[in-house]
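Being a predicted model, the structure only gives us computed values, none of them experimental. The sequence lines fix the lettering, A, B, ..., with proteins before strands; numbering per chain opens at 1.
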Amino acid sequence: MTLRLHNTLTRRLEEFQPLEPGKVLVYGCGPTIYDLPHIGNFRSFMVYDLLHRYLEWVGYEVRFITNLTDVDDKTIRGAVDHGTDIREFTEPFGEAFLADAETLGIRPADHYPKATDYVEAMVDFVRRLQEKGLAYQAEDGSVYFSIGAFPEYGKLSRVDAGAIKPGARVSMDDYAKEDVRDFALWKAAKAEDEEAGAAWDSPWGRGRPGWHLECSVMSISELGETLDIHLGGEDLIFPHHEDEIAQSEGATGKPFVRYWVHVKHLLLEGQKMSKSLGNTVSVGDLVSRGHDPAAIRHQLLSAQYRRELNFTMEGLEASGRAVQRLVDFEARLVRTPLSSDAGDTRIPEMAQAALARFREGMDDDLNSAEAMAALFVFVNEVNAELDRRQGALRREERDGALKALEDMDEVLGFLELARRTRALDRATKDWIQEQVHQRMEARKTRDFARADAIRDELAAHGVVLEDSPQGTRWKVVK
RNA sequence: GGCGCCGUAGCCAAGUGGUAAGGCAGAGGUCUGCAAAACCUCCAUUCGGCGGUUCGACUCCGCCCGGCGCCUCCA
C-alpha cells in the first residue's frame with residue numbers, strides 16, 4: 001500500500017512517489033505574520049503536521065519547510081500604524097504562531113524562512129525572468145510577470161486566463177500593466193514602504209518583492225527547483241500558487257511541484273471565519289477558556305482535510321471526552337497485571353487489524369477520520385477483551401497493545417499532547433495523594449459524607465477518582 | 001458568469017455497486033457505599049428530493065431543492 005494524495009494539478013488521487021526514493025521535499029505556505037493566527041489557520045497547519053508525521057511514520061526522510069511572510073501590504077500597514085519597521089512589527093506574531101503550533105503538538109518544520117531574508121535571491125530571480133523575456137518593468141516602476149509569455153498559465157486553478165477582464169473585480173490601479181492578468185514580481189517602493197523599512201535597492205530602483213515571489217524563491221533556495229509536495233489553504237490555489245508555478249517554471253524550465261495539496265477552510269459554528277466578520281478564535285483563546293489542546297487537535301483532525309469541517313464549542317467538548325477515553329485506555333493498559341503464564345488473547349490480532357486499517361485510512365489521502373475510527377475500534381475491542389478476562393496478561397501482549405496505541409498516536413498526536421497538558425508537579429501530586437489517603441480513612445469508617453466532600457474538592461481541581469478493588473486511583477482530566 | 005465542493009442518526013463524521021465505521025450525547029443493565037472507568041443491550045429498514053441504469057445504489061447517470069468555497073495579497 002502506498003500513500004495516495006489528491007493533486008490539485010490533476011484533480012485526481014495519485015500514488016505518491018517522491019522524486020528521489022526515500023526522501024521527500026515539502027513546502028507549506030505559512031502564515032502572514034501581521035496578526036495572531038486563528039483556529040482556521042491551524043486547520044491547515046494541522047494537516048501539514050499530519051502529512052509531516054505520516055511521511056516520517058512510513059519511513060521517509062522528510063525535509064519540511066514552512067515560510068513566514070513578513071513583507072506584504074498588511075505587515076507594512078501594521079508597521080506604519082505602530083511606528084515601527086516590519087521586522088519589529090512582525091516578530092511577536094511569528095513567535096505567537098510558533099508558540100501556538102507548539103501548543104497543538106505540531107512538529108517543527110526544519111526551517112521557517114522569512115521573506116525579508118531572501119530579498120537578494122528574489123532580485124536575482126526577477127532578473128532571471130526578465131532575461132528570459134518573462135518579465136518587464138512598467139511605467140509605474142514595478143516589474144510584472146508576463147502571463148502571455150507563459151502558455152500553461154491556469155493549469156492549476158483551471159481559470160481561463162483569457163477570460164479575466166478588467167472590471168469590478170480587478171482594481172483600477174492596474175493600468176500600468178501591459179495585460180491586466182499580469183502580476184507584480186517587484187513593486188516600486190511607496191513612501192509607506194520606506195517608512196516601514198520594507199524597501200530595498202534593486203536594478204529597478206527601490207522596491208519590495210511581490211507576494212508570490214517569496215514562496216518560489218524560498219522553496220527553490222531551500223529545497224531545489226522541483227519539490228515533491230507543496231501545501232496550502234484552498235484560497236491559495238488562485239492566484240498565489242498559479243503565479244508561483246508561472247514564475248518558477250518560467251525561470252527554471254522544470255516542473256515546480258509534483259503534488260499540490262490544498263486544505264479546505266474550516267467553518268466556525270457553521271460560519272465562515274474571517275477577520276472582517278470578527279468571529280476569529282485563536283488557540284490562546286481556547287486554551288485560556290480551559291480547553292485541552294489535545295481536544296483542539298482532535299477536532300481539527302476529525303474530518304478529512306478536503307471535507308468541510310465545522311469547528312464548534314460543542315464539538316470541542318465531545319473531542320475532549322474522546323481524548324480522555326484514549327488517556328484512560330492507555331492508563332488501563334499500563335496498570336494491567338502481568339503474568340508469564342497468562343493465556344493467549346486476541347489482542348495481537350486486534351492490534352494488527354487496527355494498524356492495517358489505520359494505515360489504509362491514512363494512505364487514502366490522509367483520511368484522519370477513518371484512521372481515528374481504526375484507533376477507537378481497537379480501544380473498544382481491547383477494553384472488552386480485558387473485561388472478559390478479568391485477569392493478568394502476558395507482558396508481550398500488553399506491550400504489543402501499548403505499542404499499537406503509541407504507533408497510531410505517533411501520527412495523530414493526541415496522547416502525546418494529553419500527557420503534556422496533564423503533567424503535575426511533585427507538590428501537587430503529594431497533595432492529591434494526601435487527599436486520597438484522607439478519603440480512604442473516611443471510607444473505612446463509612447464516613448461517606450466526608451469521603452464525598454474530598455472527592456468533590458479534588459474534582460474541582462480537575463482530579464477524578466476511581467475506586468477499585470485494588471484501591472483508589474486518581475487521574476487528571478481537562 | 002467561470003472553477004469547484006457538500007447534503008449520512010440529536011451533534012460531529014467514515015463508507016462510495018452487495019445491503020450503514022467511529023466519536024459525543026441519550027435509554028436500560030453489570031460493577032460501586034454512591035460515583036468514576038469499563039463492559040453488555042438499545043439508539044438511521046435508511047443515507048436532501050424525484051426519476052433512470054443495474055439482479056442489486058447511500059454508492060453510477062440526469063434533473064430538482066438546500067448549503068458552501070475560490071475567482072479580492074483570508075490557511
Base, sugar-phosphate alone, or nothing: which one does [X] contact when heavy atoms must sit under 4.0 Å apart?
X      : value
A/R439 : base
A/F376 : sugar-phosphate
A/V263 : nothing
A/H38  : base

Out of B/rC11, B/rC3, B/rC71, whichever nucleotide has its closest atom nearest the side chain of A/E314: B/rC11
State which of B/rC3, B/rG33, B/rA75 makes the closest approach to the side chain of A/L236. B/rA75
What is the separation between atom [atom1] on [X] and atom [atom2] on [N], rounded to the nearest whole Å?
X      : N      : atom1 : atom2 : answer
A/M440 : B/rC34 : CE    : C1'   : 18 Å
A/H6   : B/rC5  : NE2   : C1'   : 10 Å
A/L300 : B/rA75 : CG    : P     : 16 Å
A/L309 : B/rG69 : CG    : C1'   : 14 Å
A/K272 : B/rC5  : NZ    : C1'   : 14 Å
A/R321 : B/rC11 : CZ    : P     : 16 Å
A/F311 : B/rA13 : CZ    : C1'   : 15 Å
A/I454 : B/rG33 : CD1   : P     : 17 Å

Separation between the [atom1] atoms of [N] and [M], rounded to whole Å:
N      : M      : atom1 : answer
B/rA9  : B/rA44 : P     : 12 Å
B/rU59 : B/rA21 : C1'   : 15 Å
B/rA13 : B/rC68 : P     : 15 Å
B/rC24 : B/rU30 : P     : 22 Å
B/rA20 : B/rA25 : P     : 26 Å
B/rC58 : B/rU46 : P     : 11 Å
B/rC63 : B/rG1  : P     : 15 Å
B/rC50 : B/rA36 : P     : 44 Å

Hey, what are the protein-to-nucleotides 36-39 of chain B N/O distances that come in under 3.5 Å?
{"unit_1": "B/rA37", "atom_1": "O4'", "unit_2": "A/E466", "atom_2": "OE2", "d": "3.3"}
{"unit_1": "B/rA38", "atom_1": "OP1", "unit_2": "A/R325", "atom_2": "NH1", "d": "3.1"}
{"unit_1": "B/rA38", "atom_1": "O3'", "unit_2": "A/N383", "atom_2": "ND2", "d": "3.3"}
{"unit_1": "B/rA38", "atom_1": "O2'", "unit_2": "A/R332", "atom_2": "NH1", "d": "3.0"}
{"unit_1": "B/rA38", "atom_1": "O2'", "unit_2": "A/D387", "atom_2": "OD1", "d": "2.9"}
{"unit_1": "B/rA38", "atom_1": "O2'", "unit_2": "A/D387", "atom_2": "OD2", "d": "3.1"}
{"unit_1": "B/rC39", "atom_1": "OP1", "unit_2": "A/R325", "atom_2": "NH2", "d": "3.2"}
{"unit_1": "B/rC39", "atom_1": "O4'", "unit_2": "A/D387", "atom_2": "OD2", "d": "2.5"}

First encountered from the 5' end of RNA chain B, between A/T312 and A/M372: A/T312
With nearest nucleotides of RNA chain B determined for A/A451 and A/A184 from heavy-atom distances, which residue corresponds to the more 5′ nucleotide? A/A451
Whether A/R77 and A/E192 form a salt bridge (side-chain N of Lys/Arg under 4.0 Å from carboxylate O of Asp/Glu) is what I want to check. yes
Before accepting this row, confirm whether a basic side-chain N of the pair A/R4/A/D363 lies closer than 4.0 Å to the acidic partner's carboxylate O. no
Indicate whether OP1 or OP2 belonging to B/rG4 is found under 4.0 Å from a side-chain N or O atom of A/K264. no
N/O (side chain, A/R455) to phosphate O (OP1/OP2, B/rA35) under 4.0 Å: no
Within the structure provided, determine whether A/W186 and A/W200 are in side-chain contact (heavy-atom separation under 4.5 Å). yes
Partner of [N] by Watson-Crick or G-U wobble geometry, both contacts under 3.5 Å, or none?
N      : answer
B/rA38 : B/rU30
B/rA9  : none
B/rG18 : B/rC55
B/rC3  : B/rG69

Would you say the base of B/rG69 stacks on A/H265 (centre-to-centre below 5.5 Å, plane angle below 30°)? no
Is there aromatic stacking of A/F45 on B/rA75 here, judged by a ring-centre distance under 5.5 Å and a plane angle under 30°? no
Ignoring hydrogens and angles, are the base of B/rG4 and the side chain of A/R11 linked by a donor-acceptor pair under 3.5 Å? no
Please state whether the base of B/rG33 and the side chain of A/D452 form at least one donor-acceptor pair under 3.5 Å? yes
Mind telling me whether A/H262 and A/H241 have parallel, tilted or perpendicular rings, with 30° and 60° as the class edges? tilted
Ring geometry between A/F376 and A/H298 (parallel below 30°, tilted from 30 to 60°, perpendicular above 60°): perpendicular
Looking at [X] and [Y], would you say the former's side chain and the latter's main chain have a donor-acceptor pair under 3.5 Å?
X      : Y      : result
A/D467 : A/T472 : no
A/D285 : A/S282 : yes
A/E244 : A/H212 : no

Test A/V26 against every option in A/I65, A/I229, A/L227, A/V261 by the side chain to side chain contact (heavy atoms under 4.5 Å, CB included) rule and name the one that passes. A/I229
Can you spot which of A/W260, A/F64, A/Y259 makes a side chain to side chain contact (heavy atoms under 4.5 Å, CB included) with A/L231? A/F64
Can you check nucleotides 14-17 of chain B for protein contacts, nitrogen or oxygen pairs under 3.5 Å, and list what you find?
{"unit_1": "B/rA14", "atom_1": "OP1", "unit_2": "A/Q304", "atom_2": "N", "d": "2.9"}
{"unit_1": "B/rA14", "atom_1": "O3'", "unit_2": "A/N367", "atom_2": "ND2", "d": "3.0"}
{"unit_1": "B/rA14", "atom_1": "O2'", "unit_2": "A/E370", "atom_2": "OE1", "d": "2.2"}
{"unit_1": "B/rG15", "atom_1": "OP1", "unit_2": "A/N367", "atom_2": "ND2", "d": "2.9"}
{"unit_1": "B/rU16", "atom_1": "O4", "unit_2": "A/R307", "atom_2": "NH2", "d": "2.9"}

Tabulate below the donor-acceptor pairs under 3.5 Å that side-chain atoms of residues 41-51 of chain A make, not counting sequence neighbours, or state none.
{"unit_1": "A/N41", "atom_1": "OD1", "unit_2": "A/H38", "atom_2": "N", "d": "2.7"}
{"unit_1": "A/N41", "atom_1": "OD1", "unit_2": "A/H38", "atom_2": "ND1", "d": "3.4"}
{"unit_1": "A/N41", "atom_1": "OD1", "unit_2": "A/H38", "atom_2": "NE2", "d": "3.4"}
{"unit_1": "A/R43", "atom_1": "NH1", "unit_2": "A/K264", "atom_2": "O", "d": "3.0"}
{"unit_1": "A/R43", "atom_1": "NH1", "unit_2": "A/R307", "atom_2": "O", "d": "3.0"}
{"unit_1": "A/R43", "atom_1": "NH2", "unit_2": "A/Q304", "atom_2": "O", "d": "2.9"}
{"unit_1": "A/R43", "atom_1": "NH2", "unit_2": "A/R307", "atom_2": "O", "d": "2.8"}
{"unit_1": "A/Y48", "atom_1": "OH", "unit_2": "A/C29", "atom_2": "N", "d": "3.4"}
{"unit_1": "A/Y48", "atom_1": "OH", "unit_2": "A/C29", "atom_2": "O", "d": "2.6"}
{"unit_1": "A/D49", "atom_1": "OD1", "unit_2": "A/R53", "atom_2": "NE", "d": "3.4"}
{"unit_1": "A/D49", "atom_1": "OD1", "unit_2": "A/R107", "atom_2": "N", "d": "2.8"}
{"unit_1": "A/D49", "atom_1": "OD2", "unit_2": "A/R53", "atom_2": "NE", "d": "2.8"}
{"unit_1": "A/D49", "atom_1": "OD2", "unit_2": "A/R297", "atom_2": "NH1", "d": "3.1"}
{"unit_1": "A/D49", "atom_1": "OD2", "unit_2": "A/R297", "atom_2": "NH2", "d": "2.8"}

Would you sort out whether A/D85 and A/R87 count as a salt bridge (charged side-chain N to carboxylate O under 4.0 Å, His left out), showing the intermediate values? CA-CA 6 Å; A/D85 66 69; A/R87 291 293 289 210; over 6 Å; no
